[in-house]
Amino acid sequence: MPELDGFVTCRQLKRDPALTDIPIIVVTGLDDVDSINSAFEAGASDFIPKPINYSVLIQRINFGLRTGQVTAELRNSKLQLSAAQRIARLGYWTWDTQRDIFTISEQLAELVGIDFTTFGGSLVDFINLIHPKDREFVRDVINAAGHSKAIQHIEYRINGMAAEIIEVQQEIEALTTKNQLFVTGIVQDISHKKQAEKQIHRLAYFDHLTGLANRSYYQERMEDIIKPAQQRKSQFAFLFIDMDGFKNINDTYGHHIGDMFLQEIAQRLKLVAREIDFIVRMGGDEFCIILNNITEEATVAEIAKRCLQKLEQPLILDNQQIKPKASIGISLFPKDGNTEEEILKATDTAMYMAKQTGKHRFIFYSVHMTNQVKQRQQKANMLREASAKEHFVLVYQPQVSLETGKIVGVEALARWQHPGKGIISPSDFINLAEQLGLITQLGHWAIKTACEQIAEWQKAGLPYIQVGVNISPTYLQDPGLIDSIQSILQYTNVPAKCLQLEITENGLQNVSRIEIFNQLRALGVKIAIDDFGSGFSSLASLKQLPLDGLKIDKMFIDDLLINPHTPLLLGTIIGLADALNFTLVAEGVENKEQAKIMMGLGCRVMQGYLFSRPVPGKDIPALYNADFILDNLGDYIPGKIVPARHYFSRKLKWGPIRFQQRKMTWRVCLRRPAFVPLQPKTQNIGFRLASYFDLARMT
Ligand code: C2E
Ligand code: CA
Ligand code: CA
């Protein structure tokens, strides 16, 4: 070693971190104490004097390697421990109770965000690190720990750096050694865990789309609301809000826009509710608001009204302005229900009634509603069954040309043949069928049955008669419509022009339907607007529509003799229809005066009780041969009730009778349904004069 001596070499080796665990045995010729001390100071782990005793050296080397390894392991495990503590965000402290010496681990200092070296070192210093609101109780727990053998587990908050609050959990244990009492605590940062818990809570209890409470949260909260209300005998109101026509928004604009719509609704509801109220999204487009501590029904009504007004404010979706509408059912606790189930059911029933009675309104629950709902459910079940078993028939009402007096077409009208209740009219089931999603099935059935009937009449010797079939806007949108009409026409062998679809004006609102009209007309099928004039379509818009005919609403006919504007308005409509080459049918013509005025206005085809009520298909051939010339009608007023006692003795017989009215003698056919008791008590009866056709057939 010409330049370095053994001590320097030793020091340099020790300086290299990679070599720290390698034991160094200094072999020295000098056996004086100073040299030995210098060797140890330089980092040697052992020394051996010259001359070397090799068997001793081997023992020393073995020993040196063993201790080196143990030291390395110890240091590694210390490092691992502190790494583990850091990862687990763990730290610990020890408090010597007698001397009030409070030591904290480096990791704890790091966790709390203070400088380890500047920590004061007493219990008070530690307590000062804690969130002011938690200080007292943590101090009490630490002080009390000495008197208890059990491990104490607490959670509290620490004021971290930059006003950040760290949530920790701590386990405290007391240790007694030689009459000295030490308390140790292991502190773990659980802020992340708490965050995750909050997140899980949010996910589990709040609706992710609107941020409102969800149904699970609602279930829990209701218990917390109902119990105290029962104890304190207080009241609360429950509002169930269901958006009107939300499905339509989803279908028309897509789900993305539908979601935005719901978000906006949620915002608006929040603005209406008070801080103490609880708003829930029950699912889909259904929301609930629980109005706490409300005693006045009028106040609830006021809030419900505000709700509707707020919701109704125009909203721009996809560049279109819409006014959201809602139906609200309201119930009051405990009047309408004592449990969550009862109160929800009552509110749901009230909401349902709001929908049934025209939507966009609020209705308070009342007991008799439950009955009505039950009845509807029964009716719904019956209608489903009827639909499956095709318990329907079509009756046909002639459309008569007053130029020729002949039938030019018929309208097919559905009747429900109920096994127990007899014939049920469409006004009593079409809406329900629509709501139950049965209307497509019914529409398909009606087209099929009507076409089969046309074919049957033709086989019986009649020409192919045009039949108008009523089609609901829902069925019009059915993707299978065109195909199924095509195949029905094919298998019945009926010319397409004999099938006319009658669609009400509200079925026209959507522009995309023009496309369907075009496709139907390409098949040769005719399209007529039903109840024309009762809706909102403007005369001008008619020009753009691919149409074949208009059916003038009965409302106008009823008005003809009353309202002087009506003939003028009808004149315009008829003129326009002529110009556009539309066929025209006046509906609901009940008397000769109406028929005459309509004739005068240029409408030649009419339909109504004056000519015939709707009749079974088998009766059409006879009617087809009848003459419906206006002059034949005389002054006979079909539908008029004539008291029977003027013409009959008490012993009435069924069959044709003769009577006088307005100086003319008539023979009429009396049928059981034609009888109307006039005054049930006196047993006086009368009869309703039959239609012109019945009359014509009899004379
Ligand atoms: P609508 O299409 O306007 O049919 C005319 C209604 O007026 C029929 O009632 C008919 O019997 C009645 N009516 C005809 N002439 C007169 C009259 O002179 N005076 C009076 N007061 N009424 C007259 P109905 O058969 O009860 O049908 C009611 C409505 O039900 C129909 O009105 C139509 O909208 C709907 N409907 C009927 N059948 C079907 C069907 O198969 N499918 C669909 N979707 N709707 C149908
Ligand atoms: Ca119709
Ligand atoms: Ca009509």
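In this structure, the side chains of Lys305 and Phe362 come closer than 4.5 Å at one or more pairs of heavy atoms. Taking 4.5 Å as the limit, every side-chain heavy atom of Gln107 sits out of range of all side-chain heavy atoms of Leu90. Side chains of Val300 and Ile330 form a contact here, defined as non-hydrogen atoms less than 4.5 Å apart. Using a 4.5 Å heavy-atom threshold, the side chains of Asp100 and Trp95 count as touching. You'll find the side chain of Ile363 stays beyond 4.5 Å of the side chain of Ile328, heavy atoms only. Under the 4.5 Å side-chain criterion, counting only non-hydrogen atoms from C-beta, Leu269 is in contact with Leu311. Under the 4.5 Å side-chain criterion, counting only non-hydrogen atoms from C-beta, Lys193 is in contact with Gln169. Between Asp251 and Ile249 there is no side-chain heavy-atom pair separated by less than 4.5 Å.
When the shell of 6.0 Å around NE2 of His368 is examined, it contains more than 12 heavy atoms from other residues, nucleotides or ligands. By the neighbour-count criterion of 12 heavy atoms within 6.0 Å, atom OH of Tyr92 is sparsely surrounded, having that number or fewer from other residues, nucleotides or ligands. More than 12 heavy atoms of other shown residues, nucleotides or ligands fall within 6.0 angstrom of atom CZ in Phe137. Around atom CD of Gln372, more than 12 heavy atoms belonging to other residues, nucleotides or ligands sit under 6.0 Å away. In this structure, Lys345 places its NZ atom where only 12 or fewer heavy-atom neighbours from other residues, nucleotides or ligands lie under 6.0 Å away. When the shell of 6.0 Å around CD of Gln321 is examined, it contains more than 12 heavy atoms from other residues, nucleotides or ligands. Annotation: His153, atom NE2; neighbour count of heavy atoms from other residues, nucleotides and ligands within 6.0 Å is above 12.
Looking at Ser327, its side chain never comes within 3.5 Å of a backbone N or O of Arg361 through a donor-acceptor pair. Counting only distance, with no hydrogens or angles, the side chain of Asn292 and the backbone of Ile276 share a donor-acceptor pair below 3.5 Å. Judged by distance alone, the side chain of Arg221 and the main-chain N or O of Phe278 form no donor-acceptor pair under 3.5 Å. Looking at Arg268, its side chain does come within 3.5 Å of a backbone N or O of Gln313 through a donor-acceptor pair. Gln188 places a side-chain N or O within 3.5 Å of a backbone atom of Ala88 that can act as its donor or acceptor partner. A side-chain donor-acceptor contact under 3.5 Å links Glu342 to the backbone of Asn338. The main-chain N or O of Ile114 is never found under 3.5 Å from a side-chain atom of Thr118 such that the two would form a donor-acceptor pair. With hydrogens and angles disregarded, no donor-acceptor distance shorter than 3.5 Å links the side chain of Arg281 to the backbone of Phe287. In terms of modelled atom types and a separation under 3.5 Å, the side chain of Asp125 and the main chain of Ser122 share a donor-acceptor contact. Put simply, the side chain of Asp134 gets close to the backbone of Arg157: a donor and an acceptor are under 3.5 Å apart.
The line from CD1 of Ile158 to CD of Gln170 is 7.5 Å long, rounded to the nearest 0.5 Å. Atoms OG1 and NZ, from Thr210 and Lys270 in turn, are 7.0 Å apart once rounded to the nearest 0.5 Å. Here Gln356 contributes atom CD and Leu432 contributes atom CG; the two are 8.0 Å apart, rounded to the nearest 0.5 Å. Taking OG of Ser331 as the start and CE of Met351 as the end, the distance is 12.0 Å to the nearest 0.5 Å. Interatomic distance, CD1 of Ile127 versus CG of Asn143, reported as 8.0 Å (0.5 Å rounding). One finds the NZ atom of Lys198 at 5.5 Å from the CD atom of Gln195 (value rounded to the nearest 0.5 Å).
Looking at every heavy atom in both residues, Val373 comes nearest to Met353 through CG2-SD, 4.4 Å. Of all non-hydrogen atoms in Lys325 and His360, the two that sit nearest each other are CD-CG, 3.3 Å. The minimum heavy-atom distance between Gly211 and Phe206, with the atom names listed, is O-CD2, 3.5 Å. In this structure, Asn214 and Asp207 approach most closely via the heavy-atom pair CB-N, 3.9 Å. Residues Phe240 and Asp348 share a closest heavy-atom pair of CZ-OD1, 4.0 Å. In terms of heavy-atom proximity, Ala39 sits nearest to Val26 at CB-CG2, 3.9 Å.
Judged by distance alone, the side chains of Asn37 and Ser35 never bring a donor and an acceptor atom under 3.5 Å apart. Side-chain contact of Arg66 with Gln69: a donor-acceptor pair under 3.5 Å is absent, judged by distance alone.
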Given Ile186 and Thr184, is the side-chain contact (heavy atoms from CB on, under 4.5 Å) satisfied, shown in steps? CA-CA 7 Å; Ile186 296 173; Thr184 1; over 6 Å; no
Passes salt bridge (charged side-chain N to carboxylate O under 4.0 Å, His left out), Asp46 versus Arg60? Steps please. CA-CA 8 Å; Asp46 203 357; Arg60 297 255 174 118; 3.4 Å; yes
Criterion side-chain hydrogen bond (donor to acceptor under 3.5 Å, both in side chains) on Gln12 and Arg15, from CA distance to verdict: CA-CA 5 Å; Gln12 288 197 353; Arg15 223 175 278 147; 5.8 Å; no
Chi angles and distances behind the side-chain contact (heavy atoms from CB on, under 4.5 Å) call for Ile226, Glu340: CA-CA 8 Å; Ile226 287 180; Glu340 181 271 323; 3.9 Å; yes
Test salt bridge (charged side-chain N to carboxylate O under 4.0 Å, His left out) on Asp96 and Arg99 and set out the steps. CA-CA 6 Å; Asp96 175 343; Arg99 294 187 291 161; 2.9 Å; yes
Show the numbers, then the answer: is there a side-chain contact (heavy atoms from CB on, under 4.5 Å) between Val280 and Tyr217? CA-CA 8 Å; Val280 194; Tyr217 193 16; over 6 Å; no
Using the rule given for salt bridge (charged side-chain N to carboxylate O under 4.0 Å, His left out), can you reason through Lys247 versus Asp285, listing the C-alpha separation, both sets of side-chain angles and the distance that settles it, and then say yes or no? CA-CA 9 Å; Lys247 189 181 169 297; Asp285 58 341; over 6 Å; no
Check the pair Asp277 / Arg274 against salt bridge (charged side-chain N to carboxylate O under 4.0 Å, His left out), numbers first and verdict last. CA-CA 5 Å; Asp277 301 331; Arg274 303 161 304 169; 2.7 Å; yes
Evaluate the side-chain contact (heavy atoms from CB on, under 4.5 Å) criterion for residues Ile289 and Ile241: first the C-alpha distance (whole Å), next the side-chain angles of each, then the deciding distance (0.1 Å), finally the verdict. CA-CA 8 Å; Ile289 304 181; Ile241 302 158; 3.9 Å; yes
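Checked against the 6.0 Å centroid threshold, Phe261 and Phe246 count as a close aromatic pair.
The aromatic rings of His201 and Tyr205 are tilted relative to each other, their planes meeting at an angle between 30° and 60°. Phe126 and Trp93 have tilted rings, their planes meeting at an angle from 30° to 60° on a 0 to 90° scale.
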